[in-house]
Protein chains: 2
Amino acid sequence: MGRRYDPERRQRIIDAATAVVRERGIVGLGHRAVAAAADVPLGSTTYHFATLDDLLIAALRQINAEWLAEVKRWAEGVDPAAPPADELARWLEEQLTGDRARMELEYELYFAALRHEGLRPLAAECLDETARLLTRLVPDAATARAVVALMDGLTLQVLLADRPYDREDIRAALARIMGGNGANGSTAG
Amino acid sequence: MGRRYDPERRQRIIDAATAVVRERGIVGLGHRAVAAAADVPLGSTTYHFATLDDLLIAALRQINAEWLAEVKRWAEGVDPAAPPADELARWLEEQLTGDRARMELEYELYFAALRHEGLRPLAAECLDETARLLTRLVPDAATARAVVALMDGLTLQVLLADRPYDREDIRAALARIMGGNGANGSTAG
DNA sequence: CATCGTTGTGTACACTCGTACGCATGGGAT
DNA sequence: ATCCCATGCGTACGAGTGTACACAACGATG
């Protein structure tokens, strides 16, 4: 019926592809690199994914799904009564200091979508879904989108300029953009 | 003394390189593509730029300088008495609708900096300089950085999700993050 | 048990790329 | 006028790529 020998083969290849993208970037994604990482022969990658684009999309889809799951997990677990800017600033810090590679991955996706039309829906979904998950914490949808934009921009600054993460500054900015005054946090400066 | 035959040759190559990046992205940058675009022989590009990296850096340096000049021109021309959020929102709209390719170029630079260490200073300079130029319009440096972040994030959303530019939403978000209330604009919704 | 088709593999081909290198060219010094 | 060398060019080479394709292995079907 299904694949006979190695039903997980396809998934392993996708996992390997995400690992390759993580380590070498999208430009480093190639059949051979993936095959080596997945410990499968070269022909296996071309068998499961006719073209390299398919493989790229599959990998980025998974990266995206993982990321959104992470966001969802956090967003649904956060206390709605707590000052949202505080929570957001702390969470972002955890992401940036903890698993920086994952964030880089997500921005790889964004930038790839800039040129690769087939990736736009994925990037758009990521943006929309993140904003949707944030609506619990902010007044309205437009604000949620603005918050997403701010976080993306801040992340970019940390990632690109190796700037240290200043939680208080960021908390204040988030608080302002959420429409409240910046002083309702725990330790207003 | 200097180059004898074609003193502008080097500059023409850089111009061609930026054109190539504009049209095909950084991945599309190659000696042959640049040579064709500049209408010079292949050997000429390798003569003036020993390695492809040199060429890429030269191109992105120029792209960056052009962009910063554009920002500077605008920032110094804007009326400091006018509501800054209005001005910013309008200007950003002009950039996004008018010369979208240039913005994509700037984000190409960001993208490259994510993986290419030698480009980080360039990206950092872009971020810092933009923030510095904005200090005329905002209360302090931290706010300027936040404004830059917000604009970057918003731009990303427009570019990636093909979302229409909603000037009023963006004006409101900018106004909030600048520390004033969002209602001091001209046409608060 | 024989046959067939699905699944998986190894190899080879056509192609592009960055770069090196030998050769042309023409101005400046003597 | 002659020589020299910085400048510029065309080509060729080795490496690496995506993909096609012929073959192997193995379960299902009669």
Side-chain angles (χ1 to χ4, degrees), chain A residues 1-62 108 111-112 115-119, chain B residues 1-62 108 111-112 115-119:
Chain A
M1 294 286 169
R3 18 200 157 288
R4 261 164 288 191
Y5 306 135
D6 192 350
E8 309 169 4
R9 185 51 69 85
R10 189 186 160 89
Q11 186 55 46
R12 282 233 316 278
I13 291 176
I14 295 180
D15 292 341
T18 71
V20 169
V21 174
R22 177 185 301 243
E23 282 162 29
R24 307 201 216 170
I26 287 181
V27 280
L29 185 74
H31 280 130
R32 286 168 178 82
V34 171
D39 198 34
V40 298
L42 171 62
S44 191
T45 64
T46 73
Y47 175 74
H48 289 284
F49 300 90
T51 164
L52 192 64
D53 245 37
D54 295 341
L55 185 51
L56 176 64
I57 289 178
L60 290 184
R61 194 186 302 278
Q62 167 155 309
E108 285 269 353
F111 291 123
R115 293 287 174 187
H116 195 307
E117 197 134 0
L119 258 26
Chain B
M1 292 292 168
R3 20 200 155 284
R4 260 165 289 191
Y5 307 134
D6 193 349
E8 308 169 5
R9 184 51 70 84
R10 188 187 160 89
Q11 185 55 46
R12 282 231 316 278
I13 292 176
I14 296 179
D15 292 342
T18 71
V20 169
V21 174
R22 177 184 301 243
E23 283 162 28
R24 305 200 216 170
I26 286 181
V27 278
L29 184 74
H31 280 131
R32 286 167 179 82
V34 171
D39 197 34
V40 298
L42 171 62
S44 191
T45 65
T46 73
Y47 175 73
H48 287 284
F49 300 91
T51 165
L52 192 63
D53 245 37
D54 296 341
L55 185 50
L56 175 64
I57 289 178
L60 291 184
R61 194 186 301 277
Q62 167 155 310
E108 284 273 351
F111 163 68
R115 291 289 174 187
H116 194 307
E117 196 134 0
L119 258 26

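The basis for the numbers below is simple: all heavy atoms, side chains too, and nothing from hydrogens, waters or symmetry mates. Just so we're on the same page: letters track the sequence lines, and every chain starts at 1. Model, not experiment: these values are computed from the prediction.
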- Item | Closest nucleotide among C:dT19, D:dG8, C:dT7 to the A:Y47 side chain | C:dT7
- Message: Looking at every non-hydrogen atom in both residues, tell me the closest pair between A:H31 and A:T51 and how far apart they are.
- Response: NE2-C, 4.4 Å
- Figure out the CD1/P separation between B:I13 and C:dG18, and round it to whole Å. 14 Å
- To the nearest angstrom, the CZ-C1' distance between B:R24 and C:dT16 comes to 12 Å
- Task: Return the minimal non-hydrogen interatomic distance between A:V20 and A:A37, and the atom names on each side.
- Result: CG2-CB, 4.0 Å
- Note on the structure: Whole-Å distance, B:R10 CZ to D:dC9 C1', equals 18 Å
- Message: In this structure, how many angstroms lie between the C1' atom of D:dT19 and the CG atom of A:L55, rounded?
- Response: 13 Å
- Query: Closest approach of B:L60 and B:I26, non-hydrogen atoms and distance?
  - Reply: CD1-CD1, 4.3 Å
- Message: So which atom in B:A112 and which in B:L119 form the shortest heavy-atom distance, rounded to 0.1 Å?
- Response: CB-CD2, 3.5 Å
- Item | Nucleotide D:dC9, atom C1' - distance to NE2 of B:H48 in whole Å | 11 Å
- Message: Nearest whole Å is fine: how far is C:dG8 P from A:F49 CZ?
- Response: 12 Å
Please produce a list of atom pairs where a protein N or O lies less than 3.5 Å from an N or O of nucleotides 10-15 of chain D.
none

- Message: Does D:dT19 have OP1 or OP2 under 4.0 Å away from a side-chain N or O of A:T51?
- Response: yes
- A:E8 CD to C:dT7 P, straight-line distance once rounded to whole Å: 17 Å
- Identify the two heavy atoms, one from B:A17 and one from B:L55, that lie closest to each other, and give their separation to 0.1 Å. CB-CD1, 4.0 Å
- Task: Find the distance A:D39:CG to C:dG8:C1' and express it as a whole number of Å.
- Result: 15 Å
- Quick check: are there more than 12 heavy atoms from other residues, nucleotides or ligands sitting under 6.0 Å from CZ of B:R61? no
